[in-house]
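Data first, discussion second: the structure below is written as C-alpha cells.
Numbering of ligands and ligand atoms starts at 1, following listing order. Remember, it's a predicted structure, so these values are computed and weren't measured experimentally.
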Amino acid sequence: MEIWSPRIRALTLLLLSFCPLDCRGSWMWLGLTSAGVPEKLGCSRLPLSPRQKDLCRRKPFLLPSIQHGAQLAISECQGQFRQERWNCSTSAESKVFGHELSSGTKETAFIYAVMAAGLVHAVTRSCSQGNTTECGCDSGLQAGGSAAEGWHWGGCSDHIHYGTWFSRRFMDNNTKNVTSAPGGYTLLTMNQHNSEAGRQAIGKTMSTDCRCHGVSGSCAVKTCWRTMAPFERVGTFLKERYENSVQVLDRSKKKVRRKEKEQRRVPIQKQELIFFNKSPNYCLEDKRWGVTGTRGRRCNRTSQGPDGCNLLCCGRGYNTHVVRHVERCECKFMWCCYVRCRRCESMNDMHTCK
Ligand SMILES: *[C@@H]1O[C@H](CO)[C@@H](O)[C@H](O)[C@H]1NC(C)=O
Ligand SMILES: *[C@@H]1O[C@H](CO)[C@@H](O)[C@H](O)[C@H]1NC(C)=O
Ligand SMILES: *[C@@H]1O[C@H](CO)[C@@H](O)[C@H](O)[C@H]1NC(C)=O
Ligand SMILES: *[C@@H]1O[C@H](CO)[C@@H](O)[C@H](O)[C@H]1NC(C)=O
Ligand SMILES: *[C@@H]1O[C@H](CO)[C@@H](O)[C@H](O)[C@H]1NC(C)=O
C-alpha cells in the first residue's frame with residue numbers, strides 16, 4: 001500500500017465521510033489531528049460503514065481511483081464556485097465542508113452530485129487504462145459502425161457502467177436507515193437523488209471522437225470511440241443544474257414534490273438537483289455552520305457578476321490596496337539565440353471585502 005500525502009488523505013477521508021448522518025463520529029476519531037504524519041491506509045483503518053469496508057476489502061485496487069475521484073470533485077467544485085460567496089471552501093481541516101454536507105441546501109446537492117460524478121469518472125478512467133480485470137473498454141462498441149458513412153468503432157470506448165455501479169454502491173446505502181433522525185430519511189433521499197444526477201452527468205456529457213486513416217490523411221476510413229468529457233465539462237454541466245435546482249418539500253416517507261405550488265404536479269426529473277432548505281447568504285462567518293463569510297475575499301470593482309464587490313461583499317464595502325506587480329516585458333529576440341527582457345513594474349489596485 002502506498003503512503004498517502006496528508007492532503008490527499010484529507011480529500012479521501014472527505015469522500016469516505018459521505019455518511020454525514022451517522023458516521024460523523026467515526027471519522028472524527030481518525031481526526032486529521034495527526035495530519036502531517038503520512039500513514040499507510042488500508043480498508044480496515046478507514047472510517048467506513050461496514051458495507052463500504054466490505055466493498056473496499058473486495059476491491060482494494062480501486063482505492064487510488066477513490067482518491068483521484070475526490071480530488072477531481074473538490075478541485076472542480078472550487079473552480080466552479082471560485083467567484084461566489086460560497087466558494088466551496090474547505091474551512092476547518094477536520095470538518096472539510098462544515099455544515100454543507102447535512103444542511104440540505106443546494107450546495108449540499110452540488111457536493112453530492114460532483115462527488116458521485118468524480119468517482120464514476122476516476123473509476124472509468126482506470127477501467128479504460130486496463131488497470132483492472134473487472135472492467136475495461138466498452139466491448140459493445142468494438143465492432144460495427146457504418147461502412148456506408150466510412151467509419152467504424154475502434155480503440156477504447158469508455159465504459160461507464162462499472163464506475164457507475166461502484167459509485168452507487170460506495171456512496172449510497174452507506175447509512176443506516178435513519179428514519180428516526182429528524183429529516184433523516186428525506187435527507188438521505190435527497191442525497192441519493194443528487195448523487196444519481198451527478199452520475200448521469202457523466203453519460204450525458206460523453207462524446208464521440210474519431211481519427212482519420214487513409215493515404216496522406218485522406219480520411220477514407222475513420223475510427224471512432226466514445227469518450228467521457230474532461231471533468232471540467234461535467235462540472236460546468238452540474239453547475240448549471242445547481243443554478244436551476246429545485247426546492248422540494250420535506251415530507252417524511254412520502255414522495256418528494258416541488259415546493260412551488262403551481263409546479264407540484266410536474267414530476268422531478270432525474271437530472272434535476274433537488275434541495276430542501278434555502279441557503280444562508282454566506283456573507284458573515286458562522287463557525288457553528290462552518291461558513292467562512294466573505295471578509296477578506298478579493299472582489300472585482302467593475303464586475304456586475306457574483307465576483308463584483310457589491311454582491312460579494314454583501315454591501316459592506318471593500319478595502320483597496322495597491323499591489324506592486326512585476327513582470328518581464330519588452331522582450332526582444334537577440335541574435336543568436338536568446339531573449340532579453342526588461343523588468344516592468346506596475347501598481348495595481350486590489351479590492352478585498354470589509
Ligand atoms: C493505472 O495504473 C498505472 C500504473 O500502475 C498508474 O500509473 C495509473 O495512474 C493508473 N491509472 C488510473 C486511472 O488509475
Ligand atoms: C441498498 O440496500 C438495499 C437493502 O439492503 C438493497 O436492496 C439495494 O440493492 C442497495 N442499493 C445499492 C445501490 O447498493
Ligand atoms: C428506510 O425505511 C423506510 C421505512 O421503514 C423505507 O420505506 C425506506 O425504503 C428505507 N430506505 C432505505 C434507503 O432503505
Ligand atoms: C474561500 O474563501 C475563504 C474566505 O472567505 C478563503 O479563506 C479561502 O481560501 C477561499 N477558498 C478557496 C478555495 O478559494
Ligand atoms: C473585472 O470585471 C471586468 C468586467 O466583468 C472584467 O473585464 C475584468 O477583467 C475583471 N478584472 C479582474 C482582475 O478579474
Side-chain angles (χ1 to χ4, degrees), residues 5-15 17-18 32 35-36 67-103 105-115 117-118 198 230-232 234-236 238-240 242-243 279-329 344-354:
S5 80
R7 202 178 89 85
I8 305 286
R9 196 163 77 106
L11 296 182
T12 307
L13 284 178
L14 171 69
L15 184 67
S17 71
F18 260 81
L32 301 167
Q67 266 186 345
H68 187 218
Q71 255 181 313
L72 275 179
I74 302 219
S75 61
E76 194 48 36
C77 181
Q78 295 190 335
Q80 290 292 340
F81 286 89
R82 191 177 59 244
Q83 304 194 319
E84 316 222 349
R85 286 182 190 166
W86 180 71
N87 63 355
C88 200
S89 55
T90 50
S91 56
E93 238 199 317
S94 57
K95 282 176 86 184
V96 187
F97 279 124
H99 185 49
E100 294 320 323
L101 279 184
S102 54
S103 61
T105 58
K106 54 207 262 204
E107 286 74 32
T108 318
F110 184 84
I111 295 173
Y112 273 85
V114 79
M115 280 289 180
F231 201 66
E232 299 84 76
V234 179
T236 306
L238 289 176
K239 179 79 186 309
E240 271 164 33
Y242 160 89
E243 264 145 26
S279 306
N281 59 23
Y282 295 106
C283 284
L284 296 174
E285 180 176 15
D286 188 338
K287 289 215 169 86
R288 266 178 318 165
W289 303 124
V291 173
T292 53
T294 62
R295 184 186 307 277
R297 286 277 299 278
R298 193 170 174 170
C299 63
N300 181 332
R301 207 172 52 84
T302 53
S303 167
Q304 299 299 310
D307 62 331
C309 290
N310 199 21
L311 279 179
L312 190 67
C313 309
C314 310
R316 294 188 304 266
Y318 53 91
N319 296 315
T320 302
H321 326 254
V322 178
V323 287
R324 202 175 61 163
H325 186 68
V326 182
E327 63 186 354
R328 277 149 56 93
C329 60
C344 293
E345 276 188 23
S346 58
M347 299 305 237
N348 295 325
D349 284 348
M350 185 175 101
H351 310 289
T352 57
C353 293
K354 280 190 175 159

Quiz prompt | Any side-chain donor near an acceptor of the partner, E84 and Y282, under 3.5 Å | solution =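 Absent: no donor and acceptor within the cut-off.
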Exercise. Check the side chains of T320 and R301 for a donor-acceptor pair under 3.5 angstrom, ignoring hydrogens and angles.
Key: no
Self-check item: ligand 4 to N87 polar contact by distance, N or O atoms, under 3.5 Å
Solution: yes
Self-check item: ligand 4 contacted by G293 (non-hydrogen, < 4.0 Å)
Solution: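 Right, G293 reaches ligand 4.
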Self-check item: Location of contacts on R82 toward ligand 4, heavy atoms closer than 4.0 Å
Solution: neither
Practice problem: Enumerate the atoms of ligand 4 whose separation from the nearest heavy atom of Q78 is less than 4.0 angstrom. | Solution: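 It comes down to these atoms of ligand 4: 13 (C).
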Quiz item: Does the distance from C299 SG to C313 SG come in under 2.5 Å?
Solution: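 The sulfur gammas are not closer than 2.5 Å, so no.
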Quiz item: Taking C353 and C309, which are both Cys, do their SG atoms fall under 2.5 Å of each other?
Solution: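 No; the two sulfurs sit 2.5 Å or more apart.
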Exercise. Using a strict 4.0 Å threshold on nitrogen-to-oxygen distance, state whether E285 and R295 make a salt bridge.
Key: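 Salt bridge flag = no for R295 with E285.
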Quiz prompt | Reported CD-to-CZ distance for the pair E76 and F231, which is rounded to 0.5 angstrom | solution =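 The CZ atom of F231 is 6.0 Å from CD of E76, to the nearest 0.5 Å.
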Self-check item: atom 9 (O) of ligand 5 touched by protein (heavy atom, under 4.0 Å)
Solution: no
Practice problem: Evaluate the 4.0 Å heavy atom contact test for atom 2 (O) of ligand 5: does a protein atom fall under the cut-off? | Solution: yes
Exercise. Show which atoms of ligand 5 fall inside a sub-4.0 Å distance from at least one heavy-atom site of T302.
Key: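 Listed by number with element, the hits are 1 (C), 2 (O), 3 (C).
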Quiz item: Quick one: nearest non-hydrogen protein atom to atom 13 (C) of ligand 5, plus distance?
Solution: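 So the nearest neighbour among protein heavy atoms is N300 ND2, 4.5 Å.
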